[in-house]
Amino acid sequence: MADGAYLRAGGLPAPDAARVEALRAALDPAAPEAFGEAERRAILDLLDRVLSDVRTGDLTEARARLTHLDATLGRFDVGSLQPRRGLAGLFDSRGKRLRAFREAFADGARTLAETAGELTERAGAVTRRDAGLEVLWSRLREALETLNAHVAAAAAALTPPPTGDEPDPHAALRARTRDLVACRDAAVAALPRLRAAQNADAPAVAALERCGAAVEAWKREWADALGLAGRRPKKVRPDPVRLETARKTLTDAAAQASARLDAALARRTTVTGELQELRRPL
């Protein structure tokens, strides 16, 4: 790598000249391996924290709750409200079936209300995680600017490598500069990947919140359709079309949330792998 290439750091502002000169003057030629080590370590620690936060399982847990929601909702058979025909219906009645359906609904509604609360909680956890990633992004960017000043100072202290067989007086410093550049460039490449993880989460969080609201809307609609909206159950003949329409609204919201979660999980898995590849050589 030519010495001029050390200064190429896409997206980073040029370091302050006075700061670079002060760092160059403080560089100990006898111990080049110590130059910028604290700054390099700070970036490695930040990259490790980014990796840890991107790996968190909030979306995976939310996906499991959506699967549970589908299973719970699938237990309700609106057709079971209709009495059997013929001889089988002699000891059957709409009232008896409505009572049984109401009991099943009350139990399922409690379960789905808990699930909706968990989905909202997971959405909040993802939002908090992304806020934490925003802080890490800013800290990583600041650490990069500091490290980049060290790279510039080290490059300024280098003389061109000898062209003959004579030893390179700056071989150790040149190797040290390459180490600092590798750390800097990996962190620069990590910044857009961190953003990609955040951007992938946003549609998933919105879909989870909508799904939680859809559970509440389903509960209200079914309670009213089943005559359970007041203090005491009312005599009603439930409209199966109304019940199925409300169920479909909820299942559609859950399906959309599942699709958004799957996309976010896939993107986060990709980002995690890319961050690991950036971190591994360092």
Side-chain angles (χ1 to χ4, degrees), residues 1-15 32-64 122 125-155 158 171-205 259-282:
M1 178 187 290
D3 294 343
Y6 292 143
L7 303 181
R8 298 176 196 145
L12 291 179
E33 69 281 354
F35 185 68
E37 181 60 13
E39 290 71 23
R40 189 182 77 91
R41 284 287 171 190
I43 283 183
L44 295 184
D45 289 344
L46 286 169
L47 288 176
D48 287 340
R49 288 186 59 188
V50 167
L51 255 174
S52 176
D53 282 7
V54 169
R55 281 196 194 107
T56 55
D58 295 309
L59 290 181
T60 303
E61 292 171 14
R63 188 66 179 82
R122 290 301 97 207
V126 174
T127 299
R128 290 190 295 274
R129 181 192 71 91
D130 285 344
L133 286 176
E134 185 65 26
V135 173
L136 288 177
W137 192 96
S138 297
R139 291 181 60 186
L140 186 57
R141 177 63 186 242
E142 291 171 3
L144 271 168
E145 292 182 10
T146 300
L147 183 65
N148 198 38
H150 283 74
V151 170
L158 293 173
L173 179 58
R174 213 176 302 280
R176 180 57 180 171
T177 306
R178 286 194 293 269
D179 290 341
L180 297 181
V181 167
C183 182
R184 179 199 67 187
D185 291 352
V188 167
L191 288 174
R193 288 165 171 81
L194 196 159
R195 277 280 185 260
Q198 291 175 294
N199 292 340
D201 287 347
V205 168
R260 297 287 189 274
L261 280 175
D262 288 343
L265 284 166
R267 184 62 184 130
R268 194 186 290 184
T269 298
T270 299
V271 168
T272 298
E274 291 171 347
L275 288 172
Q276 286 173 328
E277 287 303 309
L278 290 172
R279 175 66 177 87
R280 186 174 291 113
L282 305 180

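Heads up: numbering here begins at 1 and tracks the sequence. Keep in mind that the numbers below use all heavy atoms, side chains included, and drop hydrogens, waters and symmetry copies.
- Within a 6.0 Å sphere centred on CZ of R141, other residues, nucleotides and ligands contribute more than 12 heavy atoms.
- Scored by the side-chain hydrogen bond (donor to acceptor under 3.5 Å, both in side chains) test, R195 finds E134, Q198 as partners (sequence neighbours excluded).
- For the atom pair L136 CG and D130 CG, the distance stands at 11.0 Å (nearest 0.5 Å).
- A 4.5 Å side-chain heavy-atom check between L191 and L144 finds at least one atom pair inside the cut-off.
- Taking CZ of R41 as the reference point, atom CG of L46 lies at 13.0 Å (rounded to 0.5 Å).
- E142 has no carboxylate O lying under 4.0 Å from a charged side-chain N of R139, or vice versa, which leaves the two without a salt bridge.
- Contact record, G36 with H150: CA-CD2, 3.6 Å, taken as the closest heavy-atom pair.
- Here CZ of R184 is found 10.5 Å from OG1 of T177. Values are rounded to the nearest 0.5 Å.
- Taking the side-chain contact (heavy atoms from CB on, under 4.5 Å) definition, one finds that D179 meets it with R176, sequence neighbours left out.
- Between the S52 side chain and the D48 main chain, no donor and acceptor come within less than 3.5 Å of each other.
- Across all non-hydrogen atoms, the minimal contact from L278 to A190 is CD1-N, 3.8 Å.
- Within the 4.5 Å cutoff, the side chain of L194 has no heavy atoms near those of the V54 side chain.
- Closest non-hydrogen pair, R40 versus C183, comes out as CG-SG, 3.6 Å.
- In this structure, the separation between CG on L47 and CG on L275 is 7.5 Å, given to the nearest 0.5 Å.
- Shortest non-hydrogen contact noted between A196 and R267 is CB-NH2, 3.4 Å.
- Rounding to the nearest 0.5 Å places CZ of R49 at 14.0 Å from CG of L44.
- You'll find the side chain of V181 reaches within 4.5 Å of the side chain of D185, heavy atoms only.
- L147 and L180 make their closest contact through CD2-O, 3.7 Å (heavy atoms, listed as atom of the first residue, atom of the second, distance).
- Here the shortest heavy-atom pairing between P13 and N148 reads O-ND2, 3.9 Å.
- Taken from OG1 in T272 to CZ in R279, the straight-line distance is 14.5 Å, to the nearest 0.5 Å.
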